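Some notes on the structure that comes next.
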Amino acid sequence: MERPSGQQQREDRAVRRRDADPKKPGSGSTYANIVTFGPARLKLRAVAEGVAKKPTTLKVTFEDVTAEVFGRDVFAKPFPKGRAGTWTVTHASEALRVLRTNQGNVFVLAKQRESS
C-alpha cells in the first residue's frame with residue numbers, strides 16, 4: 001500500500017536470533033520497532049523471552065533506542081537495566097502475531113518476508 005508524501009511510515013521488524021517461544025523460557029528474540037519519517041528513522045530494540053508456566057506470555061526487556069538520519073546514527077541511548085514488561089500473545093500464525101502489553105497496549109506484528 002502506498003502512503004501519501006510526508007506521512008509517517010511505520011514498520012515492525014523482527015530481527016531474529018531465534019524465535020521467541022512463550023513455551024520455552026530463555027528462547028529470546030531481538031525485535032526492532034522502526035518508525036520512518038522521510039530520511040529519518042527511530043528504532044527501539046527489545047528482547048522477548050518465554051515465561052515459565054505461562055505459555056502465552058513473553059517477558060520483554062528493552063535494550064536501546066536509536067535515531068538515524070540519512071543512514072547515520074545521530075543519537076543512541078540504552079535503557080536502564082531491568083526495564084521490562086510482559087506481553088501476552090493473543091493470536092499467532094506464520095504471518096501475524098497479536099500482543100497485549102501489561103499496560104493495555106495492543107500490537108499487531110507482521111513477519112517481514114526475506115528479500116532474495
Side-chain angles (χ1 to χ4, degrees):
M1 172 168 70
E2 281 190 42
R3 300 184 193 287
S5 176
Q7 184 177 350
Q8 165 185 314
Q9 179 181 357
R10 178 182 173 144
E11 55 185 284
D12 292 312
R13 288 189 188 167
V15 180
R16 284 187 276 164
R17 278 190 266 172
R18 294 174 287 193
D19 281 331
D21 184 347
K23 297 175 186 162
K24 296 179 185 172
S27 68
S29 286
T30 300
Y31 290 88
N33 185 4
I34 301 168
V35 180
T36 303
F37 301 94
R41 290 173 22 142
L42 184 64
K43 177 169 65 172
L44 175 116
R45 288 185 326 134
V47 174
E49 298 183 83
V51 175
K53 299 187 182 187
K54 293 187 178 181
T56 60
T57 302
L58 296 168
K59 177 184 177 191
V60 179
T61 304
F62 299 97
E63 291 188 337
D64 58 41
V65 63
T66 304
E68 178 184 295
V69 178
F70 295 110
R72 300 191 74 180
D73 290 351
V74 294
F75 172 84
K77 182 175 180 181
F79 280 93
K81 280 208 178 281
R83 183 66 161 254
T86 55
W87 294 358
T88 302
V89 179
T90 59
H91 172 80
S93 68
E94 286 296 316
L96 195 66
R97 186 174 288 176
V98 179
L99 306 163
R100 182 175 302 276
T101 72
N102 58 304
Q103 295 181 335
N105 299 312
V106 176
F107 293 99
V108 179
L109 306 173
K111 188 176 277 189
Q112 185 176 21
R113 293 183 183 192
E114 301 288 329
S115 56
S116 43

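What you see is a predicted model; the values in this text were computed from it and never measured. Heavy atoms only: backbone and side chains are in, while hydrogens, waters and symmetry mates are out.
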Using the rule given for side chain to side chain contact (heavy atoms under 4.5 Å, CB included), can you reason through His91 versus Val89, listing the C-alpha separation, both sets of side-chain angles and the distance that settles it, and then say yes or no? CA-CA 6 Å; His91 172 80; Val89 179; 5.9 Å; no
Could you name each residue pair satisfying side-chain hydrogen bond (donor to acceptor under 3.5 Å, both in side chains) that touches residues 64-89, not counting sequence neighbours?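 Qualifying pairs: Arg41-Glu68, Arg45-Asp64.
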Strictly distance-based, threshold 3.5 Å: is any side-chain N or O of Thr57 a donor or acceptor partner for the main-chain N or O of Val51? no
Grab the two heavy atoms, one from Asn102 and one from Gly85, that are nearest each other, plus how far apart they are.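 So the minimum-distance heavy-atom pair works out to OD1-CA, 3.6 Å.
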Heavy-atom closest pair (Leu99 atom, Thr90 atom, distance to 0.1 Å) is N-OG1, 4.4 Å
Determine, stepwise, if the pair Asn105 / Arg100 fulfils side chain to side chain contact (heavy atoms under 4.5 Å, CB included). CA-CA 6 Å; Asn105 299 312; Arg100 182 175 302 276; over 6 Å; no
Let me see the working for Leu109 and Leu96 under side chain to side chain contact (heavy atoms under 4.5 Å, CB included), right down to the final yes or no. CA-CA 6 Å; Leu109 306 173; Leu96 195 66; over 6 Å; no
Residues 48-71 vs ring pair (Phe, Tyr, Trp, His ring centres under 6.0 Å), sequence neighbours excluded, gives Phe62-Phe79
